[in-house]
Amino acid sequence: MKPTIPKGTRDFSPTEVTKRNYIFDTIKTVFETFGFQPIETPSFENSNTLMGKYGDEGDRLIFKILNSGDYLKKVDDKLLKDKNSVRTTPKISEKALRYDLTVPFARYVVQHQNDIVFPFKRYQMQPVWRADRPQKGRFREFYQCDADVVGSKSLWQEVEFVQLYDEVFTKLGLTETIIKLNNRKILSGIAEIIGAKDKLLDFTVALDKLDKIGIEGVTNEMLGKGISQEAIEKVRPLFNFTGDNLEKLEQLKDLLSASEEGTQGVEDLEFIVENIEKLGLSSARLEIDVTLARGLNYYTGAIFEVQTDKVAIGSIGGGGRYDDLTGIFGLKNISGIGISFGLDRIYMVLEELNLFKRVVLPKPTLVFINFGEKEAGYCMQTIKKLREMGIKSDLYPDNVKLKKQMNYANRREIPFVALVGEQEMQENNYTLKNMHTGEQTLCNLDDLIRLIKS
RNA sequence: GUGGUUGUAGCUCAGUAGGUUAGAGCGCUAGAUUGUGGUUCUAGAGGUCGCCGGUUCGAAACCGGUCUUCCACCCCA
């Protein structure tokens, strides 16, 4: 049998895990610096917790878990005969793998509302699963690193999340990231102005593609969705939106003056932009982008997306404010805002830009050659002492040819090898070989420690 | 879900207008070197050519299906 793993999943080698942990640790440190606390939720939830939260497309991409036992027994004969998957699925599957971390978090907040101190700032770094077709930077199992705040409507949270993005990417050495910012209220306002409020979703999805398919493509798609030519004319200025953030906001103000919601959105963005300008960013750039829509339909306020133009890979993070996420689970009037880091994509970007230089694979500093049982026992005494001192050291476990043992040390890039044979044992000293220079020294334990520490 | 693409040794890939025994480089094992790795030289092991079926005297090659890889769309991190 040929060993394989399912489509869209990956194994991670020691080097890869080390590099991934470096990203995890960096993000985690920043999250905690900003006052977030960790939680974890199960990898699978009840289907009804997840289904219907991500739109029809999302439902299709949720991995369903088959009921245990004789799961077909209770299903109606008629239903089975009809071969209708959509209607049969709920009968044979009651659990599903989590699709993101935000919905399980909303469930968590509602379920534990009595124990939570609001405003609740939590972070979560766990895998999620999507039955998508894999392609570049898209997998069926991948990690998300989310930070959310629930229980505060303050726009300072938006400001903080921009700072947080900047901080994380700066620490990772990924500079000049572009933090795109928009507001769902502005999109609603625009739809209102053009009299296509019922087509908000179609409108935003089409607008989102502007940089990909161009003005003409977007126009055609909007026309195709039943948005009138006149309406499109009204928003044409959006297609060639230029200037700095404040200039863009001025233009938007004019465009949206007749929409209360749109105006509110502009004011929100103004607050964020002005304060970020006062506080300053280390290496990222905040950019208003009215074409930024994001697919999720639960965002109600600010929308974020982080991009880098150094690597063509799509967004490496995103998020936004959702005023009513917990409402679905019965807890009203709790506003939330959150952001997410796409760990796997960040990994690919750092790899491509060669930004993992500082990451070193954990490995022994010193390995002892095995010359036989007696010598091995003697070496283990020393290794015990060295390990107690925090020096990573190891005994080659088998008494095999010296060449093979040396080759092992070489392949693992272990900097020092100690040879202890009969001669050394009798004289109570060590032959220490520096694998880099090839230099060998006969020394006692103190000298050995001093040499490998230098 | 739609369209395209890929699969030959552990890895990266050659190969054939269908014809004895399927190749290379790297890696692996052994030796040159019995207490010395990285270089070099020599030898060796390793493949039902993704899987199933069809066409054919004959298929790794042609055809169909299926799985897989990668890519675009949809959607999205």
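By convention in this document, chain letters (A, B, ...) are assigned in the order of the sequence lines, proteins followed by strands, and residues within each chain are numbered from 1.
- Heavy-atom distances to RNA chain B give each of G438(A) and P134(A) a nearest nucleotide, and the one nearer the 5′ end belongs to G438(A).
- Neither OP1 nor OP2 of rU33(B) sits under 4.0 Å from any side-chain N or O of K404(A).
- For the pair I23(A) CD1 and rA77(B) C1', the computed distance is 13 Å after rounding to whole Å.
- When distances run from any side-chain atom of R60(A) to the nucleotides rC74(B), rU36(B), rA77(B), the shortest one goes to rC74(B).
- Within the shown strands, nothing qualifies as a pairing partner of rU69(B) under the Watson-Crick or G-U definition with both distances less than 3.5 Å.
- A cation-pi arrangement, defined by a distance under 6.0 Å to the six-membered ring centre and an angle within 45 degrees of its axis, is absent between R140(A) and F63(A).
- The side chain of K209(A) places an N or O atom within less than 4.0 Å of a non-bridging phosphate oxygen (OP1 or OP2) of rC74(B).
- At a threshold of 4.0 angstrom between heavy atoms, the contacts of R130(A) include nucleobase atoms, whether or not backbone atoms are also involved.
- Checking rG35(B), rC75(B), rC28(B) against every side-chain atom of Q423(A), the shortest atom distance belongs to rG35(B).
- Of the candidate nucleotides rG37(B), rU36(B), rC74(B), rU36(B) has the atom nearest to the side chain of L419(A).
- Between the C1' atoms of rG7(B) and rC71(B), the separation comes to 16 Å (whole Å).
- You won't find any donor-acceptor pair under 3.5 Å spanning the side chain of R133(A) and the base of rU69(B), going by distance alone.
- For the pair R130(A) and Y99(A), the distance from NZ or CZ to the six-membered ring centre is under 6.0 Å and the angle to the ring normal is within 45 degrees.
- Geometrically, R20(A) engages F12(A) in a cation-pi contact, judged by NZ or CZ lying under 6.0 Å from the ring centre and within 45° of the ring axis.
- For K433(A) and rU36(B), a side-chain-to-base donor-acceptor distance below 3.5 Å is present, hydrogens and geometry of angles not being considered.
- Atom CG of D59(A) and atom P of rC75(B) are 15 Å apart (whole Å).
- The nearest whole Å value for the distance from the CG atom in N407(A) to the P atom in rG27(B) is 11 Å.
- Residues P6(A) and R140(A) each lie close to RNA chain B; by heavy-atom proximity, the contact nearer the 5' end of the strand is made by P6(A).
- Atom CG in L174(A) sits about 18 Å away from atom P in rA77(B), given to the nearest Å.
- Between the CG atom of D132(A) and the P atom of rA72(B) there is a distance of 12 Å, given to the nearest Å.
- Comparing rC28(B), rA77(B), rC75(B) by their closest approach to the side chain of L61(A) singles out rC75(B).
- With rG37(B), rC76(B), rG35(B) as the candidates, the nucleotide lying closest to the side chain of M406(A) is rG37(B).
- Electrostatic pairing of D447(A) and R450(A) counts as a salt bridge here, judged by a charged N lying under 4.0 Å from a carboxylate O.
- A salt bridge between K153(A) and D268(A) is absent, with no side-chain N of the basic residue lying under 4.0 Å from a carboxylate O of the acidic one.
- Considering only the side chain of Q135(A), rC73(B) comes nearest among rC28(B), rC73(B), rU36(B).
- In this structure, rU29(B) and rA43(B) make a Watson-Crick or G-U wobble pair, each of the two defining distances being under 3.5 angstrom.
- Spacing of P atoms, rU55(B) relative to rG10(B), comes out at 32 Å, to the nearest Å.
- Residue M435(A) contributes atom CE, which lies 9 Å from atom P of rG38(B) at whole-angstrom precision.
- Between E158(A) and R321(A) a salt bridge is recorded (basic side-chain N to carboxylate O distance below 4.0 Å).
- Atom C1' of rA14(B) sits at a distance of 14 Å from the matching atom of rC26(B), rounded to the whole Å.
- rG15(B) and rU34(B): their P atoms are spaced 44 Å apart (whole Å).
- For rC75(B) and rG1(B), the C1' atoms lie 11 Å apart once the distance is rounded to whole Å.
- Using a 4.0 Å heavy-atom cutoff across all strands shown, F139(A) reaches at least one base atom of the nucleic acid.
- Side-chain to base pairing of Q440(A) with rG35(B): no donor and acceptor N or O lie closer than 3.5 Å to each other.
- Among the atoms of the strands shown, only primed sugar atoms or phosphate atoms (P, OP1, OP2) are found under 4.0 Å from some heavy atom of I316(A).
- Checking rC57(B) for Watson-Crick or G-U wobble geometry (two distances, each under 3.5 Å) identifies rG19(B) as its partner.
- A cation-pi arrangement is found for R10(A) relative to F139(A), the charged atom lying closer than 6.0 Å to the ring centre and inside a 45° cone about the ring normal.
- Using P as the reference atom, rU36(B) and rG23(B) are 38 Å apart when rounded to the nearest Å.
- Look at CD1 on I414(A): it is 14 Å from C1' on rG38(B), rounded to the nearest Å.
- With hydrogens and angles ignored, a donor-acceptor pair closer than 3.5 Å exists between the side chain of N410(A) and the base of rG37(B).
- Note on R107(A) versus E45(A): salt bridge recorded, some NZ/NE/NH1/NH2 to OD/OE distance being below 4.0 Å.
- Spacing of C1' atoms, rG47(B) relative to rU42(B), comes out at 24 Å, to the nearest Å.
- With centres under 5.5 Å and a plane angle under 30°, the ring of F142(A) is stacked against the base of rA77(B).
- For K403(A) and rU34(B), the NZ to P distance is 10 Å, given to the nearest whole Å.
- Residue E424(A) is in base contact, counting any heavy-atom pair closer than 4.0 Å across all strands shown.
- Using N1 to N3 plus N6-O4 or O6-N4 for Watson-Crick, or N1-O2 and O6-N3 for G-U wobble, each under 3.5 Å, rG64(B) pairs with rC52(B).
- rG65(B) and rG4(B) have their P atoms separated by 11 Å, with the value rounded to a whole Å.
- For the pair R411(A) and rC28(B), the criterion of a side-chain N or O lying under 4.0 Å from OP1 or OP2 is met.
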